[in-house]
K.L.:
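Just dropping this structure here.
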Amino acid sequence: MDRFFSLCLQGDINAAMEYLNSIQPKTKEIEKLQQMYIERFFSQKSEENILTDDSWIRDVVSAYHDYFRTVLTNADVINDAELNLNNSLRRYLQIEAPLNIDETENELAKIFNEKGYSFLGGVTPPFRGAYIWNCTETVHFNVEIPQQSIPVSVHLMSDFILEGWMGYATFNNRSVGGWANEDGLYCNIKRYKDLDDDQFQVSYLKHEAQHLYDYKYFPGLKSYELEYRAKLVELIYSKNHLILEKFLNDAKNDPDFPHPYASFNIIKNLSSSLFNKDYEPNINVWLEKDYKKISSTALKLLEKNSSEIGIES
C-alpha cells in the first residue's frame with residue numbers, strides 16, 4: 001500500500017481514495033482500509049480513539065482532528081479551517097482576547113506541560129500539526145555527513161496522542177520520523193525498531209543531522225531546499241535502491257509539500273544525470289542501474305547544490 005499512503009501524504013485523501021477504489025480485485029485488507037477511511041473522512045461523525053482520559057486534552061485533540069478532516073479532503077478551505085481551529089482552541093483555553101493561532105498554541109503548550117505532556121504546534125507544510133507526546137529520553141551520537149562529523153543530541157519521543165496531520169492521514173502507518181531544532185534532534189522512536197539499522201542511522205540520523213548543518217551554515221533555506229539536501233544524503237549513504245523507490249513513490253511536483261517536492265526534484269535531477277531524460281518514472285529502469293552509480297551521482301548533486309547556494313561541501 002505504499003502508493004496509497006504516499007498519496008495521503010501529498011495531502012489529498014480524495015485522490016488516495018480514487019486510487020484505492022481503482023484496485024481490482026479487492027482483498028479483505030483493502031476493503032477494511034477503505035471502510036476505515038470512509039468512517040474517518042466521509043462520515044458525519046467520526047469516532048476517534050484518543051489515548052487519554054483527560055477530557056480537556058480529548059477536546060483539544062478532537063479540534064485538531066476536525067481541522068485535519070477538513071483540509072485533507074478540501075485544501076481550498078485551509079484558511080477558514082485554520083480560523084475555525086483557532087476559535088475552538090481559544091474556547092478550550094477560556095481566553096476571550098484575540099490571539100493568532102501561533103499565540104494560541106503557545107498557551108496550549110504551557111497547559112500540556114503542566115499536565116506532563118510535550119506539545120509542538122506550528123506547520124508541517126502545508127498544514128498545521130500538532131504533535132503531543134508523553135515521554136522523552138535523550139541519547140547522544142556522533143554523526144558523519146558528507147561535510148563533516150557532528151555530535152548530536154537525540155530526544156527520543158514516545159507515547160504520542162497526536163502525530164500531526166501526516167499521522168492522521170495514514171492512521172499512523174506513515175508519520176513524521178522527527179525533526180531538528182536548536183537543542184538537537186527529536187525522534188518519533190516507534191518509527192524505528194533498531195537504532196543500528198539504516199532506517200534510523202541513514203533515513204533519520206543523517207537526514208536530520210544534515211538539517212542541523214544547513215541551519216548553521218546557510219540559514220534561510222526554504223523547507224523543500226532543506227529536504228532536497230537531506231534526502232540526497234540518504235541516497236549517498238544508502239546501500240540499495242529501497243530509499244530511491246520510496247522517493248519515486250512519494251514524488252510530487254508541488255512546492256507546497258516540501259518532502260514530495262524534494263523527492264520529485266531528486267528524481268528529476270538524477271534522471272537527467274543518469275539517463276539523459278527529463279524524468280524517469282519506471283522503478284524497473286532504476287533497478288537496472290548499479291546503486292553505487294546512483295549514490296555517487298547523489299553526492300555530485302549535493303556538491304553542485306552546495307556550490308550554488310554558497311556552501312562548501
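Residue indices begin at 1 and follow the sequence shown. Quick caveat: nothing in here was measured; it's all calculated off a predicted structure.
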K.L.:
Just verifying a value: how many Å separate Lys252 NZ and Ser263 OG, rounded to the nearest 0.5 Å?
P.N.:
12.5 Å
K.L.:
Answer whether the closest heavy-atom distance between the side chains of Ser238 and Asp198 falls below 4.5 Å.
P.N.:
no
K.L.:
How far does OG of Ser273 sit from NZ of Lys268, to the nearest 0.5 angstrom?
P.N.:
10.5 Å
K.L.:
Could I get the full list of side chain to side chain donor-acceptor pair (under 3.5 Å) partners for Ser88, not counting sequence neighbours?
P.N.:
Arg91
K.L.:
Measure the spacing between CG of Asn87 and CD of Glu82 and express it to the nearest 0.5 Å.
P.N.:
11.0 Å
K.L.:
Under the rule for side chain to side chain donor-acceptor pair (under 3.5 Å), what residues qualify as partners of Asp66, not counting sequence neighbours?
P.N.:
Arg69
K.L.:
Indicate whether any N or O donor in one side chain lies under 3.5 Å from an N or O acceptor in the other, for Gln35 and Glu31.
P.N.:
no
K.L.:
Hey, does the side chain of Arg3 reach the backbone of Asn249 with a donor-acceptor pair shorter than 3.5 angstrom?
P.N.:
yes
K.L.:
If only atom types and distance count, is the side chain of Lys26 paired as donor or acceptor with the main-chain N or O of Asn21 below 3.5 Å?
P.N.:
yes
K.L.:
To the nearest 0.5 Å, how far apart are CG in Asn269 and OH in Tyr228?
P.N.:
4.0 Å
K.L.:
With sequence neighbours left out, write down each residue that passes side chain to side chain donor-acceptor pair (under 3.5 Å) with Thr27, or none if nothing qualifies.
P.N.:
none
K.L.:
What is the distance from atom CD of Glu144 to atom OG of Ser149, rounded to the nearest 0.5 Å?
P.N.:
6.5 Å
K.L.:
Under 3.5 Å, side chain of Ser43 to main-chain N/O of Ile38, donor-acceptor pair present?
P.N.:
yes
K.L.:
If I take atom CD1 from residue Ile243 and atom CG from residue Asp250, how far apart are they, to the nearest 0.5 angstrom?
P.N.:
11.5 Å
K.L.:
With sequence neighbours left out, what residues match Lys110 under salt bridge (charged side-chain N to carboxylate O under 4.0 Å, His left out)?
P.N.:
Glu107
K.L.:
Any non-hydrogen side-chain atom of Ser62 less than 4.5 Å from a side-chain atom of Ile50?
P.N.:
yes
K.L.:
Can you name the residues that form a salt bridge (charged side-chain N to carboxylate O under 4.0 Å, His left out) with Asp80, not counting sequence neighbours?
P.N.:
none
K.L.:
Please report, to 0.1 Å, the donor-acceptor pairs under 3.5 Å made by any side chain of residues 153-160, with sequence neighbours excluded.
P.N.:
{"unit_1": "Ser153", "atom_1": "OG", "unit_2": "His140", "atom_2": "ND1", "d": "3.0"}
{"unit_1": "His155", "atom_1": "ND1", "unit_2": "Thr138", "atom_2": "OG1", "d": "2.8"}
{"unit_1": "His155", "atom_1": "NE2", "unit_2": "Asp183", "atom_2": "O", "d": "3.0"}

K.L.:
Determine whether Lys246 and Glu234 satisfy the following criterion, salt bridge (charged side-chain N to carboxylate O under 4.0 Å, His left out), listing intermediate values before the conclusion.
P.N.:
CA-CA 11 Å; Lys246 178 180 180 297; Glu234 290 186 59; over 6 Å; no
K.L.:
For Gln199 and Asp194, test the side chains for any donor-to-acceptor distance below 3.5 angstrom and give the result as yes or no.
P.N.:
no
K.L.:
For residues 121-137, dump all side-chain donor-acceptor pairs below 3.5 Å to protein atoms at least two apart in sequence or in another chain.
P.N.:
{"unit_1": "Thr124", "atom_1": "OG1", "unit_2": "Tyr131", "atom_2": "OH", "d": "2.8"}
{"unit_1": "Arg128", "atom_1": "NH2", "unit_2": "Asp102", "atom_2": "OD1", "d": "2.8"}
{"unit_1": "Arg128", "atom_1": "NH2", "unit_2": "Glu105", "atom_2": "OE1", "d": "2.8"}
{"unit_1": "Trp133", "atom_1": "NE1", "unit_2": "Thr136", "atom_2": "OG1", "d": "2.9"}
{"unit_1": "Asn134", "atom_1": "ND2", "unit_2": "Gly116", "atom_2": "O", "d": "3.1"}

K.L.:
What residues, two or more places apart in sequence or in another chain, satisfy ring pair (Phe, Tyr, Trp, His ring centres under 6.0 Å) together with Phe247?
P.N.:
none
K.L.:
Just jot down the salt bridge (charged side-chain N to carboxylate O under 4.0 Å, His left out) partners of Lys222, sequence neighbours excluded, or say none.
P.N.:
none
K.L.:
Over 60° means perpendicular and under 30° means parallel, so tell me whether Tyr64 and Phe68 are parallel, tilted or perpendicular.
P.N.:
tilted
K.L.:
List in chain and number order the residues that pass side chain to side chain donor-acceptor pair (under 3.5 Å) with Arg191, two or more places apart in sequence or in another chain; answer none if no residue qualifies.
P.N.:
none
K.L.:
Would Lys304 and Glu308 count as a salt bridge (charged side-chain N to carboxylate O under 4.0 Å, His left out) here? Give the steps.
P.N.:
CA-CA 6 Å; Lys304 179 175 183 288; Glu308 290 171 348; 2.6 Å; yes
K.L.:
Quick one: list whatever passes salt bridge (charged side-chain N to carboxylate O under 4.0 Å, His left out) with Glu280, sequence neighbours left out.
P.N.:
Lys277
K.L.:
Using the ring pair (Phe, Tyr, Trp, His ring centres under 6.0 Å) rule, collect all pairs that involve residues 266-295, keeping only residues at least two apart or in two chains.
P.N.:
His241-Tyr291, Phe264-Tyr279, Phe275-Trp286
K.L.:
Under 3.5 Å, is there a donor-acceptor pair between the side chain of Tyr37 and the main chain of Ala169?
P.N.:
yes
K.L.:
Please find the pair of heavy atoms, one from Val143 and one from Ala209, that lie closest to each other, and give the distance.
P.N.:
CG1-CB, 3.8 Å
